[in-house]
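What you see below is based on every heavy atom in this structure, not just the backbone, and it leaves out hydrogens, waters and symmetry mates. Throughout, protein chains are lettered first and strands after them, A, B, ... in sequence-line order, and every chain is numbered starting at 1.
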Amino acid sequence: MSSENYKEKTTTQGERSLNFLEELIENDLKAGKYTSIVTRFPPEPNGYLHLGHASSICLNFGLTEKYPGYTNLRFDDTNPTTEETEYVESIKADIQWLGFSWKHERYASDYFEQLYNFAIQLIEADLAYVDDSTAEEIATLKGTPTEAGKNSPYRSRSIEENKDLFLRMKNGEFPDGSRTVRAKIDMAHTNMLMRDPVLYRIKHAHHHRTADAWCIYPMYDFAHGQSDSIEKVTHSLCTMEFVPHRELYDWLIQKLNIYPSHQYEFARRNINYTVTSKRKLLQLVNEKFVSGWDDPRMPTISGLRRRGFTPKSIRVFCEKIGIGKRDNMVDLGLLEFCLREDLNKTALRRMVVFDPVKLVITNYDKAVEMLQSENNPEDENSGTRDIPFSHELLIERNDFMEEPPKKYFRLAPGKMVRLKSAYIIQCDEVIKDEQGNITELHCSYIPESKSGADTSGIKVKGTIHWVNAKDAVPIEVREYDRLFKVENPAAESGDFTSFINPDSLKIVEGMAEPSINQASGKEHFQFIRKGYYCLDKDATKEKLIFNRSVTLKDSWAKK
RNA sequence: UGACCCAUGGUGUAAUGGUAACACAACUGGUUUUGGUCCAGUCAUUUAAGGUUCGAAUCCUUAUGGGUCAACCA
């Protein structure tokens with residue numbers, strides 16, 4: 001083998017290589033098949049958007065941000081009994097919050113008239129018929145995956161009779177479930193979806209948009225692809241479970257002789273320690289395992305938003321996990337990483353003590369002193385704030401140990417630490433009550449060690465946070481953990497709710513520096529050495545309530 | 001026991017016939033007024049067996065494993 005023959009590597013360093021859909025689109029564009037592309041995000045308005053949808057949104061909208069073209073928002077609202085306007089509104093808000101904008105807001109229900117005419121077109125071509133069979137009869141005649149189905153006794157009705165019956169279905173002459181319109185394909189087909197799929201069913205139900213104008217509604221397979229075609233969608237992206245539908249998708253478009261949209265499938269994203277099935281999420285809400293769709297433990301967009309996730313962190317997450325065709329289980333830790341990465345650059349630093357112990361500085365004789373601390377050391381433009389300092393402070397109880405292990409960098413008898421943005425102190429005396437609980441730590445401070453003007457020459461290994469005891473603000477903090485105890489609750493046998501983590505919500509009190517009173521709910525905070533937090537919507541002027549978005553990485557706690 | 005889809009480190013994605021890359025996680029070490037951040041390093045012969053080829057993660061065959069399909073849901 002001679003190395004001269006080796007092909008040069010073409011991938012440019014640092015540039016992300018294309019995923020299989022981008023590659024497909026670039027090829028289509030290059031081949032002149034399209035000059036621009038159209039995608040669509042097609043939610044059914046029967047639940048709130050979750051992380052899985054976020055991935056699809058980023059994919060569909062991301063593609064048309066990268067390539068010429070646009071993305072429509074199209075609600076797949078063909079089942080009036082489960083769909084509601086409330087969901088439409090939340091879905092629109094969530095997409096916008098993520099930072100995407102659609103070209104046209106469309107509804108499958110916009111096309112009901114057209115779809116009705118498509119059905120007549122098929123009937124006239126003898127490619128569809130009205131079936132009087134019951135649901136059970138249809139199921140029985142359908143056969144099984146390993147066994148061919150049998151033709152319905154109504155399959156060979158005349159075109160005229162079919163047209164008449166379909167019109168009367170539309171006019172409301174028949175009760176729910178009494179008749180359907182089915183495509184006439186092949187009851188022995190190896191693809192179950194091609195065994196005369198139901199196209200229309202009768203439902204005397206109120207629709208969230210068309211009200212009572214219709215009592216027949218198209219099925220997914222007779223609405224989705226047709227809507228794509230009407231909108232001239234070039235790349236109709238959906239998840240892998242729709243692979244078998246593609247054959248029917250293509251068949252209908254071909255027989256109808258309409259614009260040839262194409263369906264491409266990718267694998268849905270699974271995230272560990274959570275569920276992303278609308279049915280399960282709805283159950284969590286209905287059975288009050290969580291406080292609502294926007295409970296900060298929910299993997300919904302609204303839950304993540306309330307928890308303190310940023311749009312950017314979610315978009316970066318979707319970008320990082322990429323897109324593929326195989327089953328997968330993405331680590332929740334990656335989502336948390338993306339949030340920390342974003343918030344580290346932007347969150348305002350504040351000091352909050354969660355489990356306070358009083359610290360008295362015995363040689364400090366000023367009443368109070370204002371000290372400056374940077375709002376964010378990662379951002380020079382973030383400015384500083386003043387923090388009061390006096391001889392009575394609060395520090396974390398676990399930042400002190402009477403008998404510290406070898407590499408303990410915090411406070412211990414006779415040891416020194418720096419108080420963040422303040423002075424270096426030394427612990428002189430431990431005060432305890434009768435039960436032996438530590439009630440106070442008596443320390444002395446090094447006056448020359450003031451932060452920013454340290455002439456003491458003393459080097460300490462540890463820096464701890466603190467608040468001034470006199471004006472510390474009590475706050476409520478809601479600490480969240482993963483919602484489930486097991487990686488894949490959906491795969492476990494038995495009711496998935498039995499795997500709910502009983503400790504997914506812990507409510508604790510904290511003592512915060514006074515500047516916390518300015519918190520508005522718009523900003524994200526880092527409580528130094530603790531984690532990232534944001535004001536919750538339940539907060540009042542009297543009682544500030546914070547959500548812990550994510551903890552800081554803690555390589556000491558692990559040991 | 002039918003058809004279809006999928007198979008690369010612990011996890012997710014790359015490598016498009018030219019000698020396995022990136023990120024997360026984990027583990028080392030350095031820096032640090034956050035045990036955070038940052039920086040450096042360690043961590044895979046690509047499910048298996050055959051075949052084609054000078055050369056295979058990539059193409060072919062078979063096997064194995066996982067998934068999907070029998071709503072008048074989407």
Legend entry - Touch class at under 4.0 angstrom, heavy-atom based, for A:K203 against every strand present: sugar-phosphate
Inset, instruction - Pick out which of A:F166, A:Y111, A:Y217 makes a ring-ring contact (aromatic ring centres under 6.0 Å, His included) with A:Y116. - result: A:F166
Legend entry - is_close_aromatic(A:F75, A:Y107), centroid dist under 6.0 Å: yes
Inset, instruction - May I ask you to say what A:G452 touches in the nucleic acid, namely base, sugar-phosphate or nothing, with a heavy-atom cut-off under 4.0 Å? - result: base
Inset, instruction - Please work out if A:S277 contacts a base, only the sugar-phosphate, or nothing of the nucleic acid, heavy-atom cut-off 4.0 Å. - result: nothing
Legend entry - Sugar-phosphate only, base, or nothing, as touched by A:E44 at under 4.0 Å among non-hydrogen atoms: sugar-phosphate
Inset, instruction - Pick the C1' atom in B:rG9 and in B:rG50, then give their distance to the nearest Å. - result: 26 Å
Inset, instruction - Would you mind reading off the distance between A:F317 atom CZ and B:rA25 atom C1', rounded to a whole angstrom? - result: 14 Å
Legend entry - Close aromatic pair by centroid cut-off 6.0 Å: A:H207 and A:F112: yes
Inset, instruction - Quick one: label A:L552 by what it contacts on the DNA or RNA (base, sugar-phosphate, nothing), any heavy atom closer than 4.0 Å. - result: base
Legend entry - Sub-6.0 Å ring centroid separation between A:Y445 and A:F389: no
Inset, instruction - Answer with yes or no whether A:R349 presents, from its side chain, a donor or acceptor under 3.5 Å of a partner atom in the base of B:rU34. - result: yes
Legend entry - Side-chain donor/acceptor contact of A:R410 with base of B:rG35 under 3.5 Å: yes
Legend entry - A:H245 ring center within less than 6.0 Å of A:Y249 ring center: no
Inset, instruction - Sort out the partner of B:rG50 for me: Watson-Crick or G-U wobble, both distances under 3.5 Å, none otherwise. - result: B:rC60
Legend entry - Sugar-phosphate, base or nothing in reach of A:N344, heavy atoms under 4.0 Å: base
Legend entry - Geometric cation-pi criterion A:R350 and A:F525, 6.0 Å radius, 45° cone: no
Legend entry - Touch class at under 4.0 angstrom, heavy-atom based, for A:T81 against every strand present: nothing
Inset, instruction - Indicate, with a heavy-atom threshold strictly under 4.0 Å, whether A:T78 touches base, sugar-phosphate, or nothing. - result: sugar-phosphate
Legend entry - Touch class at under 4.0 angstrom, heavy-atom based, for A:F337 against every strand present: sugar-phosphate
Inset, instruction - Looking only at side-chain atoms of A:N79, point me to the closest of B:rC5, B:rC73, B:rA14. - result: B:rC73
Inset, instruction - Would you mind reading off the distance between A:E374 atom CD and B:rU32 atom P, rounded to a whole angstrom? - result: 16 Å
Inset, instruction - Specify the separation, in whole Å, of atom CD1 of A:I323 and atom P of B:rC5. - result: 19 Å
Inset, instruction - May I ask you to verify if any side-chain N or O of A:R201 is less than 4.0 angstrom from the OP1 or OP2 atom of B:rA74? - result: yes
Inset, instruction - Whole angstrom is fine here: how far is it from CG in A:N272 over to C1' in B:rA25? - result: 11 Å
Inset, instruction - Classify the nucleic acid contact of A:N46 as base, sugar-phosphate or nothing, counting any heavy atom under 4.0 Å across all strands shown. - result: nothing
Legend entry - A:Y48 and A:Y87 aromatic centres sub-6.0 Å: yes
Legend entry - Integer angstrom distance from the P of B:rC38 to that of B:rU61: 47 Å
Inset, instruction - Give the rounded distance in Å between these two atoms: CD of A:E396 and C1' of B:rG35. - result: 14 Å
Legend entry - Complementary nucleotide of B:rC24, counting Watson-Crick and G-U pairs under 3.5 Å: B:rG10
Legend entry - B:rU33 base / A:R418 side chain donor-acceptor hit below 3.5 Å: yes
Inset, instruction - Quickly work out the A:E341 CD to B:rC22 C1' distance and round it to whole Å. - result: 14 Å
Inset, instruction - Look at the side chain of A:T146 and decide which nucleotide, out of B:rC72, B:rG2, B:rU16, has an atom nearest to it. - result: B:rG2
Inset, instruction - Answer with base, sugar-phosphate or nothing: what part of the nucleic acid does A:I321 contact at a heavy-atom distance below 4.0 Å? - result: sugar-phosphate
Legend entry - Listed nucleotide nearest any side-chain atom of A:P145, set B:rG36, B:rG2, B:rU33: B:rG2
Inset, instruction - Return the value, rounded to whole Å, for the distance between atom NZ of A:K553 and atom P of B:rU32. - result: 19 Å
Inset, instruction - Select base, sugar-phosphate, or nothing to describe what A:E265 touches, counting heavy atoms under 4.0 Å on all strands. - result: nothing
Inset, instruction - Round to the nearest Å and state the distance from A:Y249 atom OH to B:rC4 atom C1'. - result: 19 Å
Legend entry - Presence of A:R529 side-chain N/O under 4.0 Å of B:rG35 phosphate oxygens OP1/OP2: yes
Legend entry - Partner of A:D132 by salt bridge (charged side-chain N to carboxylate O under 4.0 Å, His left out), out of A:R168, A:R157, A:R155: A:R157
Inset, instruction - Output the single nucleotide from B:rC72, B:rU13, B:rA14 whose closest atom is nearest the side chain of A:S17. - result: B:rA14
Inset, instruction - Using a heavy-atom cut-off of under 4.0 Å over every strand shown, decide if A:R269 touches base, sugar-phosphate, or nothing. - result: sugar-phosphate
Legend entry - ring centroid sep under 5.5 Å plus plane angle under 30, A:Y220 with B:rA74: no
Inset, instruction - Indicate whether the side chain of A:S313 and that of A:D342 have a donor and an acceptor atom separated by less than 3.5 Å. - result: no
Legend entry - B:rG12 base / A:E319 side chain donor-acceptor hit below 3.5 Å: no
Legend entry - Closest to side chain of A:K420, choosing from B:rG35, B:rA70, B:rU33: B:rU33
Inset, instruction - Please evaluate the base of B:rU33 for a donor-acceptor partner in the side chain of A:S451 within a cut-off of under 3.5 Å? - result: yes
Inset, instruction - Among B:rC72, B:rU13, B:rG35, find the nucleotide with the atom closest to the side chain of A:I138. - result: B:rC72
Legend entry - Touch class at under 4.0 angstrom, heavy-atom based, for A:F242 against every strand present: base
Legend entry - A:H245 side chain, from C-beta outward: closest of B:rG67, B:rU34, B:rA74: B:rA74
